[in-house]
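Worksheet: one structure, shown below.
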2 protein chains.
Amino acid sequence: MLISEQYYLNKSKFLVAADCIVFGFKDKELHILLTRRPVQPQYGEWSLMGGFVGENESLETAAKKVLFEYTQQRGIYMEQVNAYGEVDRDTGGRVISVAFYALVRLEEFDTSLAQKFDARWINIKDLPQLVFDHNKMVEDALTLLRFKVSMQPIIFNFFDGKFTLPALQDLYEAIYQRPIDKRNFRKKLASMDILDKLHIKETFSSKRGAFYYIFNEEKYKAYLASGKYYSL
Amino acid sequence: MLISEQYYLNKSKFLVAADCIVFGFKDKELHILLTRRPVQPQYGEWSLMGGFVGENESLETAAKKVLFEYTQQRGIYMEQVNAYGEVDRDTGGRVISVAFYALVRLEEFDTSLAQKFDARWINIKDLPQLVFDHNKMVEDALTLLRFKVSMQPIIFNFFDGKFTLPALQDLYEAIYQRPIDKRNFRKKLASMDILDKLHIKETFSSKRGAFYYIFNEEKYKAYLASGKYYSL
DNA sequence: ACAAAAGTGTTCACACTACACCCATGG
DNA sequence: CCATGGGTGTAGTGTGAACACTTTTGT
């Protein structure tokens with residue numbers, strides 16, 4: 001019987017990074033928070049934000065730390081995308097990266113942070129070339145996001161509580177990159193019965209004004225229990 | 001401007017393992033290849049098979065190596081499930097694991113290998129408690145497998161080329177753990193038109209015998225191009 | 001008054017479900 | 001001849017897609 005030391009010893013160790021694909025919703029378009037790489041090699045090129053995992057951190061903890069550093073928000077919705085471990089993926093050294101996507105409330109975003117880190121919100125339609133395999137990470141994150149969003153009500157994490165139906169539809173259209181029929185969209189939402197209509201209107205994006213809605217957790221549970229399944 | 005050395009230096013490094021959830025189909029049930037953990041701590045307990053990633057290996061390469069070691073098969077269909085990085089997940093040391101699921105052709109499996117590694121094919125219905133977070137890995141792998149199998153024709157990797165429709169249905173039922181209507185199943189397959197019927201019968205599981213079919217890659221491409229989407 | 005966005009129903013096609021009987025063969 | 005598993009069609013239901021006009025209000 002081997003003992004632990006023989007088994008774990010003399011094995012290669014690796015730098016492990018957590019890279020975050022931070023999604024935000026702005027100007028009816030999906031945006032990603034990108035930064036300029038602060039070190040050589042590839043200094044100054046567009047990059048996802050990331051950080052190395054510390055000795056006493058889980059992958060999730062490391063990712064949360066990165067997110068907090070760049071956004072000062074806590075309780076951000078986050079999900080693991082994949083691990084990336086090609087030998088030469090990082091031109092600066094052997095690094096294994098675990099990618100997470102995150103959904104942030106962009107209205108709350110402190111623009112001074114953008115200055116500090118030379119970070120910008122880039123429309124996903126205008127995605128530049130990124131360092132290493134970061135473009136692949138974004139692609140994978142988008143694929144996963146599209147799937148998740150159609151199955152679970154995670155999309156409300158983009159909003160600070162309340163939202164209007166036109167805005168919600170714009171968001172879905174931005175994520176799927178395809179137009180959605182207004183009537184079908186609202187009909188489906190109505191039949192799910194997971195939202196509460198507020199009696200306040202949002203009046204700055206139209207003259208008439210659109211009613212605010214909020215997501216109702218209880219109704220969502222009832223919807224799940226009902227056995228009906230719609231996908232948005 | 002920081003240079004690379006300052007950035008990458010003095011960061012924690014980690015053991016990284018590739019753990020494999022090896023699925024096989026036998027006796028109308030889905031099975032997983034499990035082994036007895038060969039080292040302390042938790043010596044002799046049920047475990048997935050895994051191995052540490054080497055200096056010049058990608059995660060995929062490491063997983064392929066593990067798969068080859070235990071099955072002697074090459075070209076095994078494999079897909080990454082997730083990375084697992086809780087600080088205390090491995091009671092023997094800090095290890096970050098990347099899980100992969102694999103689909104193997106169980107008919108080709110060399111049972112002498114099972115002896116050598118103290119490995120066994122366990123019915124997923126009778127899954128024992130596994131070491132560390134391996135049960136969670138299996139759960140995640142199953143969820144992913146179920147999704148993938150319904151969307152893409154990866155299920156044929158369980159067979160050595162040809163298969164009968166009853167066997168294919170049994171396999172789907174084993175994966176989903178729910179009965180499927182025979183006529184609906186066959187009707188859907190027929191409308192997809194991605195299989196070729198051979199004029200040979202498999203005669204050992206019934207008196208009448210069931211026709212063999214093979215997956216036709218070209219037809220599958222045509223099916224994709226047609227824009228029709230069925231999910232199995 | 002008019003421009004601009006919010007809001008609202010109906011019809012049609014098609015995929016999914018449920019369901020029962022005959023066929024071929026080995027023993 | 002009978003037991004065992006292989007093979008086949010139809011009708012109903014519900015979700016997804018297409019489609020146009022009225023309402024509200026600020027300018």
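Below, read A as the first sequence line, B as the second, and so on, with proteins coming before strands; counting in each chain starts at 1.
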Contact interval (first through last nucleotide) of DNA chain C with protein chain B, 4.0 Å heavy-atom: C/dA15 to C/dG26

Results of side-chain contact (heavy atoms from CB on, under 4.5 Å) for B/S231 - residues two or more places apart only: none

Sugar-phosphate, base or nothing in reach of B/S191, heavy atoms under 4.0 Å: nothing

pair A/W121-A/V104: side-chain heavy atoms closer than 4.5 Å: yes

B/K197 charged N/C atom sitting above B/Y213 aromatic ring, 6.0 Å / 45°: no

Would you give me the side-chain donor-acceptor pairs under 3.5 Å for residues 222-229 of chain B, sequence neighbours excluded?
unit_1 : atom_1 : unit_2 : atom_2 : d
B/Y223 : OH     : B/Y230 : N      : 2.8
B/Y223 : OH     : B/Y230 : O      : 3.4
B/S226 : OG     : B/Y223 : O      : 2.6
B/S226 : OG     : B/K228 : N      : 3.2

Side-chain (A/N135) to main-chain (A/L130) donor-acceptor, under 3.5 angstrom: yes

Whole-Å gap separating C1' (D/dG7) and CD (B/Q169): 11 Å

Bend angle of the helix from C/dA1-D/dT27 to C/dG27-D/dC1, from helix axes over five pairs at each end, nearest 10°: 0°

Residue closer to the 5' end of DNA chain C, B/S231 versus A/P166 (nearest nucleotide): A/P166

Contact summary for A/T164 and A/E202, nearest pair of heavy atoms: CG2-CB, 3.5 Å

Over 12 non-hydrogen atoms of neighbours within 6.0 angstrom of NZ in B/K116: no

Per-nucleotide protein contact string for nucleotides 17-27 of chain D, where B marks a base within reach and S marks sugar-phosphate only (heavy atoms under 4.0 Å, - for neither): BBBB--BBBB-

Euclidean distance, atom OH of residue B/Y229 to atom C1' of D/dG16 [Å, nearest integer]: 16 Å

Touch class at under 4.0 angstrom, heavy-atom based, for B/T203 against every strand present: nothing

Ring geometry between A/F156 and A/F163 (parallel below 30°, tilted from 30 to 60°, perpendicular above 60°): parallel

Any donor-acceptor N or O pair under 3.5 Å, side chains B/D19, B/Y84: no

Protein-nucleotide distance (B/R186, atom CZ; D/dG5, atom P), rounded to Å: 15 Å

Test log, rule ring-ring contact (aromatic ring centres under 6.0 Å, His included), inputs B/F23 and B/F158: CA-CA 8 Å; B/F23 290 112; B/F158 279 108; 7.1 Å; no

All side-chain contact (heavy atoms from CB on, under 4.5 Å) counterparts of A/P179, not counting sequence neighbours: A/E173

Length of the OH-C1' vector between A/Y172 and D/dG16, whole Å: 16 Å

